[in-house]
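Just below is one structure, and these are the notes that go with it.
Numbers restart at 1 for each chain; the letters A, B, ... are given by sequence-line order, proteins then strands.
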2 protein chains.
Amino acid sequence: MTLAAVAREAGVSLPTVSKVLNGRSDVSPATRDKVERLLEAHGYRRRTPGPPPAPLIEIVFHELESVWAMELIRGVENVAQRSGATVALTESGTRQAPGPEWIDGVLRRRPLGVLLVFSTVPEAVKRRLRSRAIPFVIVDPAGDPDPDVPSVGSANWAGGLAATRHLTDQGHERVAIITGPEDLMCSLARLDGYRSALAMAGLAPDPRLVRFGDFHVQGGYEHALDLLRRPDRPTAIFAGSDLQALGVLEAARVLGLSVPRELSVVGYDDVPPARWSSPPLTTVQQPLRRMAEEAARMLLRPADPRKAALRIELATHLVVRQSTAAPPTPD
Amino acid sequence: MTLAAVAREAGVSLPTVSKVLNGRSDVSPATRDKVERLLEAHGYRRRTPGPPPAPLIEIVFHELESVWAMELIRGVENVAQRSGATVALTESGTRQAPGPEWIDGVLRRRPLGVLLVFSTVPEAVKRRLRSRAIPFVIVDPAGDPDPDVPSVGSANWAGGLAATRHLTDQGHERVAIITGPEDLMCSLARLDGYRSALAMAGLAPDPRLVRFGDFHVQGGYEHALDLLRRPDRPTAIFAGSDLQALGVLEAARVLGLSVPRELSVVGYDDVPPARWSSPPLTTVQQPLRRMAEEAARMLLRPADPRKAALRIELATHLVVRQSTAAPPTPD
């Protein structure tokens, strides 16, 4: 069975059959359908090389586990879909940089560009991507990217400030913070925002109310248990991430403290679990989806390589829900 | 600047330079590094066609919003990574089937195979994928796939039974269910499991305690408010999904009911928010990650097309956490 015979039987030209095989869109649905049926009926399996591969935009994570990951994927997918590209997804390496096996793969895939969800990129990786003219952008919610690589982040200091001011504005004087890991710039920036808000409210910082967490639920739970068992316990906790805030809510439940009546809690990120918690969390929205969209757009319109790398920092803003209120009045 | 000149300057052969350019692994790291540096120093940008594209495994969703999505992606990524492939991700179509624009793209991408997270696949799509010998598998947590397409699901009836038996075993006699949408087979299967468990415990079903939800938090919240405001309110709710269970927890909080002391709640799915809730949810684990792994393996070892399509149904099992207890003793 030759393609010419399929064309004859379908009553179309050979180029039309070839268009159908190549997935071209300039064939009427009825014709496409007829040709497809005949190809299948005759057990046709293509052997000729196909059309050029469809364009990819690649996103690389060191762990897909993160609640961030889906928000970032959605942002890239939005831009990819509009530009006729497909999202390719890899998990590789450590929190710092993608693993060495990844670079071999990406050179073969030749994507339109790469979003790296990492803080730094090894020199060798940059060199190889540049020599193939594969543009790359760092999406770095942690906030400490290489200065010579284009990157997108968000305003961590301002976010820490807004979260803490919301609490001091309501009259809280004993406000604790569980920020992120000490080796991430975003943790330090949020902590500095917290300190500035306390200073603006005329409150002296209490170092016993400052904790470094790991951005996970369990860590938030343990720090909160410890903070809330103190005789001079805080009336509010700025939890540094939504997951840590969920851990704080569980610690409050276990200790029989009602949120927000006896304890106010502010999260950070505004990922979906913040809306689903009980009570729903007041939190700082980090525009993860928009960050990924901006990064994907930067890839599709690569900057002039002779100019300095672009750093975009998107604004964060407070979302007030039901986990915060004025502090309880002293008995 | 020619590649021959780069080879000369690096002190290697021209084929070695070409291997480096093509991302081949049979070059020593030191040589690769030297050649890469020279290529960059001389501003080399490749113009020749690259090596064949790296293999893709494609996964298509109608909405990435779902909490399922990340679990399924992780399963595919596990298998892809082991087999040297990359995950390509698309969002397209409706709950029933991918959109028409998707098929044109996938024929150009020519992935090793496609995981469709849909209940059905239009005949025209099946024909076109088959004629290009692109294998496909339906991953269908909803449980009503085409009989002629290989698919992976899980045991919904058994899951509904296990959730409800756990409650009747603890002595609950007024057990409500908020199952999923009425037009999904999985909702009906879980409801039938619930009914069988009640019958096994010698309890008559009360139709006023049966609700059809939408698998989202808000729907669970509204149904639970309504159920819990009844004078003869249930002492336990099987919530049909973890998100609906989170809505039930919020309804209990708003009404001042303590979980599990005054109300037991069982979820379904065991997605991460079930572990993060306050209290952590007793739930039925649907092995989403393993379902995606099985589906990806089916793609890589396509079945004999003359044999009947394979349907794999993985077991579900109850995970007991802190949202269930014996019913309160009557005053």
So do A:Leu56 and B:Leu56 actually touch side chain to side chain, heavy atoms under 4.5 Å?
->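 When only atoms from C-beta onward are counted, A:Leu56 and B:Leu56 do touch, with a gap below 4.5 Å.
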Check whether [X] gets within reach of chain B through its side chain, its backbone, both or neither, counting any heavy atom under 4.5 Å.
| X | result |
| --- | --- |
| A:Arg37 | both |
| A:Pro272 | neither |
| A:Ile103 | neither |
| A:Gln218 | neither |
| A:Val217 | side chain |

So, does B:Glu77 use its side chain to make a donor-acceptor pair with the main chain of A:Glu91 at under 3.5 Å?
->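 Such a contact is found between B:Glu77 side chain and A:Glu91 backbone.
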Exercise: identify the closest heavy-atom pair between A:Ala69 and B:Met70 =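 In terms of heavy atoms, the two residues are closest at CB-CE, 3.5 Å.
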Which atom names give the shortest non-hydrogen contact between B:Glu250 and A:Pro279, and what distance separates them?
->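 Minimum heavy-atom contact is OE1-CA, 3.7 Å.
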Relative to chain A, which of B:Glu123, B:Gln81, B:Glu71, B:Glu58 shows the most heavy atom pairs under 4.5 Å?
->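 When all of B:Glu123, B:Gln81, B:Glu71, B:Glu58 are compared, B:Gln81 has the most.
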Top contributor to chain A contacts, counting heavy-atom pairs under 4.5 Å, from B:Thr90, B:Val87, B:Ile73 |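 Most pairs with chain A among the choices: B:Val87.
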Once you round to the nearest 0.5 Å, how far does CG of B:Leu249 lie from CH2 of A:Trp276?
->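 It comes to 13.5 Å.
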Could you grab the distance from atom CZ of A:Arg74 to atom CG of B:Leu89, nearest 0.5 Å is fine?
->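 Answer rounded to 0.5 Å: 10.0 Å.
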Part of B:Val259 lying under 4.5 Å from any heavy atom of chain A =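 It is the backbone, since no side chain atom gets that close.
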Under 4.5 Å from a heavy atom of chain A, the part of B:Pro29 involved =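 Interface part for B:Pro29: neither.
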